[in-house]
Amino acid sequence: MRRRAVLVLLGAALSGCGGERRWDTGVDGKPQLVLGFAQVGAESGWRTANTKSIQEAADASGIELRFSDAQQKQENQIKAIRSFIAQKVDVIAFSPVVESGWDTVLQEARAAGIPVILTDRAIDSKDTTLYRSFLGSDFVLEGRRAGEWLVKEYQGRTSPVNIVELQGTTGSAPANDRKAGFAETIKASPNLRIVASQTGNFTRAKGKEVMEALLKAHPKIDVLYAHNDDMALGAIEAIQAAGKRPGVDIKIVSVDAVKDGMTALSQNRINFIVECSPLLGPQLMDLAKKVVAGEPVDARILTVETTFTPEQAKAALPQRKY
Ligand code: GZL
Ligand code: ZN
């Protein structure tokens with residue numbers, strides 16, 4: 001079925017006259033909206049859950065999804081966007097791996113008359129006409145929520161609390177904003193001190209490697225703030241290998257609330273997780289249809305997300321989708 005549909009699609013597209021793009025009709029005559037999605041990569045549990053949500057929502061919405069995985073490289077995402085422009089897709093969506101360097105390729109999409117939707121991560125471009133909407137979390141708030149928990153956790157303690165921070169991908173919106181939100185919030189307690197802050201690139205492997213080095217450099221670490229569960233899980237392996245108890249000798253606060261993170265939380269190896277929802281698929285498809293139909297859409301759509309303690313993780317785990 002799908003091969004025939006694609007052949008029909010190609011036929012319609014090729015037979016169409018140059019210029020404007022027409023709605024290519026699928027074999028069943030239904031208008032076939034084609035969405036090009038340039039994904040960051042498959043670096044974490046969050047990312048794979050995000051990809052699954054997008055693919056399932058496209059299927060459920062009758063939208064033809066053209067999907068690329070950039071292996072966390074900006075040049076691959078830019079190449080993918082250029083390829084979607086050449087294919088004359090109806091709409092392009094992507095999760096920018098880093099905040100800057102997008103203006104040129106997004107101006108090319110605009111010149112081709114193809115609307116763009118940002119999901120998950122933001123860009124720092126001054127020209128907000130380069131995209132129709134940004135659907136994703138408030139990462140500064142996520143950092144604040146992690147900081148608020150820590151301030152409460154150490155209420156009343158005046159002796160120094162040494163914190164190490166595993167940052168997400170350098171230059172990415174979640175890394176920049178989770179760092180900023182956390183740092184500004186812990187100012188409320190001057191004894192909370194970040195003694196080291198390094199990127200673990202959102203992956204387990206890198207999180208473990210960097211935590212091994214931090215444990216050697218800093219004999220007295222009281223807290224780990226990890227910008228995602230995957231780095232926290234890697235760090236847990238390093239902490240255990242160093243003969244320390246994660247969640248006890250070194251308290252851990254993390255972000256995402258993916259299944260493996262929530263499992264570690266329910267076992268008190270992580271102490272607190274700030275949720276960051278990857279389930280953006282349905283909202284993205286709804287946005288894509290509105291944008292292609294020329295309907296107005298909100299410039300900023302926030303995801304709904306919460307926080308979890310070990311008790312709440314135990315209760316939530318059975319029905320977690322990712
Ligand atoms: C956040 C997302 C981040 C996740 C990481 O919305 O961009 O990237 O927190 C993922 O797990 O790798
Ligand atoms: Zn035409």
Side-chain angles (χ1 to χ4, degrees), residues 37-54 69-74 76-77 93-100 102 117-124 131 133-146 165-182 198-208 210 224-236 252-265 270 272-281 283-284 300-308 320-322:
F37 190 87
Q39 181 59 294
V40 166
E43 73 281 1
S44 63
W46 189 98
R47 188 64 54 197
T48 43
N50 178 245
T51 291
K52 189 162 169 275
S53 170
I54 288 163
D69 170 330
Q71 285 96 38
Q72 289 186 286
K73 290 187 179 61
Q74 179 171 31
N76 290 347
Q77 279 195 302
F94 74 115
S95 167
V97 60
V98 292
E99 286 189 329
S100 41
W102 301 100
I117 298 168
L118 296 188
T119 68
D120 169 26
R121 297 185 184 177
I123 64 176
D124 61 8
Y131 53 91
S133 182
F134 166 40
L135 160 62
S137 306
D138 177 345
F139 300 129
V140 174
L141 175 61
E142 292 171 350
R144 278 206 205 101
R145 284 176 167 163
E165 179 178 26
L166 285 176
Q167 294 183 38
T169 302
T170 303
S172 69
N176 291 339
D177 294 353
R178 285 172 185 165
K179 182 171 182 355
F182 181 80
Q198 247 178 280
T199 183
N201 204 22
F202 281 133
T203 66
R204 258 186 227 215
K206 197 71 186 153
K208 178 179 179 187
V210 172
L224 164 64
Y225 169 42
H227 289 186
N228 82 332
D229 293 345
D230 288 74
M231 293 189 292
L233 292 161
I236 283 171
I252 301 178
V253 51
S254 176
V255 185
D256 274 353
V258 293
K259 194 175 284 293
D260 290 349
M262 292 284 269
T263 303
L265 176 61
I270 292 179
F272 190 70
I273 297 186
V274 176
E275 185 185 30
C276 175
S277 175
L279 304 180
L280 307 179
Q283 286 170 289
L284 172 57
R300 179 77 176 89
I301 299 168
L302 276 173
T303 45
V304 177
E305 48 204 38
T306 180
T307 58
F308 292 96
R320 292 293 283 176
K321 291 196 201 119
Y322 58 91

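Being a predicted model, the structure only gives us computed values, none of them experimental. One-based numbering, in listed order, for ligands and for the atoms of each.
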Next item on the list: Could you tell me which atoms of ligand 1, counted from 1 in the order shown, lie closer than 4.0 angstrom to a heavy atom of R178?
Entry: 1 (C), 9 (O)
Check: Where is the nearest protein heavy atom to atom 3 (C) of ligand 1: which residue, which atom, and how far?
Finding: R121 NH2, 3.7 Å
Note to self: Check for me whether the distance between the ring centres of W102 and F94 falls short of 6.0 Å.
What the structure shows: yes
Notebook entry, point to check: Looking only at distance, does D256 have an N or O less than 3.5 Å from an N or O of ligand 1?
Noted result: yes
Next item on the list: Could you establish whether D120 and ligand 1 come within less than 4.0 Å of each other, counting only heavy atoms on the residue side?
Entry: yes
Notebook entry, point to check: Taking the six-membered ring of Y322 as reference, does the NZ or CZ atom of R320 fall below 6.0 Å from its centre and within a 45° cone about the axis?
Noted result: yes
Notebook entry, point to check: What do you reckon, does H227 have a nitrogen or oxygen under 3.5 Å from a nitrogen or oxygen of ligand 1?
Noted result: no
Check: With A180, which residues qualify under side-chain contact (heavy atoms from CB on, under 4.5 Å), at least two apart?
Finding: none
Margin query: I'd like to know if the side chain of T263 and the backbone of K259 have a donor-acceptor N/O pair within less than 3.5 Å.
Written below: yes
Checklist line | Where ligand 1 meets P174 - atom numbers and elements under 4.0 angstrom, heavy-atom basis | finding: 7 (O)
Check: For ligand 1, which atoms sit closer than 4.0 Å to a heavy atom of E43?
Finding: 8 (O), 10 (C), 12 (O)
Margin query: Using a 4.0 Å cutoff against the non-hydrogen atoms of F139, which atoms of ligand 1 qualify?
Written below: 1 (C), 6 (O)
Next item on the list: Decide whether an N or O pair under 3.5 Å exists between S137 and ligand 1.
Entry: no
Note to self: Can you list everything that forms a side-chain contact (heavy atoms from CB on, under 4.5 Å) with A235? Sequence neighbours excluded, please.
What the structure shows: L166, M211, L224
Next item on the list: Please name the residue in the list K73, R121, E43 that meets the side chain to side chain contact (heavy atoms under 4.5 Å, CB included) test with V97.
Entry: R121
Margin query: So, regarding S44 and ligand 1 (criterion: nitrogen or oxygen to nitrogen or oxygen, under 3.5 Å), is there a contact or not?
Written below: yes
Margin query: Measuring only between side-chain heavy atoms, which start at C-beta, is L135 closer than 4.5 Å to L118?
Written below: no
Margin query: In the structure I gave you, are the side-chain heavy atoms of S133 and I301 within less than 4.5 Å of one another anywhere?
Written below: yes
Note to self: As an exercise, identify every atom of ligand 1 less than 4.0 angstrom from a heavy atom of C276.
What the structure shows: 1 (C), 6 (O)
